[in-house]
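Below is one structure; the comments refer to it alone.
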Protein chains: 2
Amino acid sequence: MYSNFTVDCVIFGFHEGKIKVLLTERNEYPFKDTWGLPGYFVDNDEEMEHAVKRILYEHTGLKDIYLEQLSAFAGLKRHPSGRILTVAYYALLQLDHMKVKLKPITNYMKQARWFAEDEIPELAFDHGQIIELSLAKIRRKITYSPIAFELLPDKFTLTQLQMVYEAVLGKVLDKRNFRKKMLNYGFLKELPEVQKGVSYRAARLYKLDKRKYLKIFQQTISF
Amino acid sequence: MYSNFTVDCVIFGFHEGKIKVLLTERNEYPFKDTWGLPGYFVDNDEEMEHAVKRILYEHTGLKDIYLEQLSAFAGLKRHPSGRILTVAYYALLQLDHMKVKLKPITNYMKQARWFAEDEIPELAFDHGQIIELSLAKIRRKITYSPIAFELLPDKFTLTQLQMVYEAVLGKVLDKRNFRKKMLNYGFLKELPEVQKGVSYRAARLYKLDKRKYLKIFQQTISF
DNA sequence: ATATACTGTGTATTTTCTACACTAACACAT
DNA sequence: ATGTGTTAGTGTAGAAAATACACAGTATAT
């Protein structure tokens, strides 16, 4: 049995230098055939975060995705048939895995697709506003927390990392200063491997040293 | 008629060098006679934020209080009689006005009182956890947003301002560096007045120049 | 007049941030 | 083997911001 509130999820991925959002075409009223955020009613005996993970899995086939609650939305007019409270989450995932399968296995949606920020159509409910707020949130958050790594595969190049920052912040960064700063933090482990499949000089691969990163991150938090 | 969810409010004030939280002694089951956060069911035809403002007014007699949503809490076990979702807000108010009347005018609570961080008793529901999260939130927020002013009267001394920062951050700051930094921002207006009622040299009063502060604040946001 | 308690101020040092441009390496085509 | 295209990878100097640190001045109370 369903509870009386829903969860909605803003799923961010990073692809071809751009931040993308996963949207679904609804197959249920209201807003049937309109694009919107993946989301649904939470089961009555189900923890809210479990519901979000379930929806994420149904849409992407992925588990263990970075997840944060954004905010609750409960406007009287957000749902045509009376107020339905929704708790919005945002998720960051490593799209480059490309294990992400976009065949929806639920019957309340018709299809799912990735949209770049500037391609997003008119959305159902207040979902447009929710995405705006999520973007504002990660733009702020990336400046004090290393969420960029959640958007990249385990092994990445410094240029890829910089591209994530540039895509989220919406501005270009100085290459030398960026590398200097990132390497100075000391939480990047240089791997004995380089990029493959590029038709030019392959770049060094790095991975995140989670221990060191948590140490530094916690210091930053408590400043 | 009531909706099926509640709002709870962490009301922060600043008094005698400490951050205080306003708690109420419940007069309703569950957790009758236990201290908890001010909060109640949202009316069916009432906007959520309106309900928070109503509760704030009922408890403090104040309107136009700084208010932000913290998070929604919906744990299956947070309420003994089944899941009740609550949306938690935090509020910052200028306690030194001391117009704050603590006679509750509702019948679902017995009394209200200010508690310093280290005096907070065991609380009803998950309210202890909610306060923890609110504190973490304002500790972070004060580093990038001038919320300190919300806790002070319109006219304040630089020492008072510093004391707010020290109370929130939980560490002592260097007086000269603090003043230098604050005055450099340029959003403080020096008043032709000094403190009154002190038995030593009276300090200069300042007030916030909201226009300049918003300009600088927005720049900071978009960095 | 004297004690008390807080206000208000400057400088030198270290650290962090910013601006800026070229050579090296590799893949591929010829 | 050579050349072309494309990105990788690197250092330094100047500016700005953060930090550490101590004492004389002023209002009040007795």
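Heavy-atom basis, side chains included; hydrogens, waters and symmetry copies ignored. From a predicted model like this one, the values you see are computed outputs, not experimental measurements. Letters A, B, ... mirror the listed sequences (proteins, then strands); counts begin at 1.
- One finds a salt bridge joining Glu68(A) and Lys141(A) here, because a Lys/Arg side-chain nitrogen approaches an Asp/Glu carboxylate oxygen to under 4.0 Å.
- For Asp33(A) and Lys110(A), the salt-bridge test passes: some basic side-chain N is under 4.0 Å from an acidic carboxylate O.
- Straight-line distance from the CZ atom of Arg204(B) to the P atom of dT26(D): 13 Å, rounded to whole Å.
- A side-chain N or O of Asn177(A) and one of Lys180(A) form a donor-acceptor pair less than 3.5 Å apart.
- A 4.0 Å heavy-atom criterion places the boundary nucleotides of DNA chain C facing chain B at dA5(C) to dT11(C), written 5' to 3'.
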Determine, stepwise, if the pair Phe149(B) / Phe156(B) fulfils side-chain contact (heavy atoms from CB on, under 4.5 Å).
-> CA-CA 9 Å; Phe149(B) 302 102; Phe156(B) 52 84; 3.5 Å; yes
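- The aromatic rings of Phe178(B) and Tyr165(B) sit perpendicular, their planes meeting at an angle over 60°, well past the 30° parallel limit.
- In this structure, Lys207(B) does not pair ionically with Asp154(B), as no charged nitrogen and carboxylate oxygen lie closer than 4.0 Å.
- Contacts of Thr157(B) with the nucleic acid, taken as non-hydrogen atoms under 4.0 Å apart, are absent.
- Residues of residues 175-192 of chain B having a heavy atom closer than 4.0 Å to DNA chain D, listed by number: Arg176(B), Asn177(B), Lys180(B).
- Under 4.0 angstrom from either OP1 or OP2 of dT7(D) there lies no side-chain N or O belonging to Thr159(A).
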Decide yes or no on side-chain contact (heavy atoms from CB on, under 4.5 Å) for Phe5(B) and Met48(B), but give the supporting numbers first.
-> CA-CA 10 Å; Phe5(B) 69 99; Met48(B) 179 165 60; 3.8 Å; yes
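- Listed in residue order, the members of residues 193-203 of chain A having a heavy atom less than 4.0 Å from DNA chain D are Tyr200(A), Arg201(A), Ala203(A).
- Between Arg204(B) and Glu193(B) there is no salt bridge, since no side-chain N of the basic residue sits under 4.0 Å from a carboxylate O of the acidic one.
- We find that Asp64(A) and Lys53(A) are not joined by a salt bridge, their nearest charged nitrogen and carboxylate oxygen being 4.0 Å or further apart.
- Side chain to side chain, Ser71(B) and Gln69(A) meet the donor-acceptor criterion of an N or O pair below 3.5 Å.
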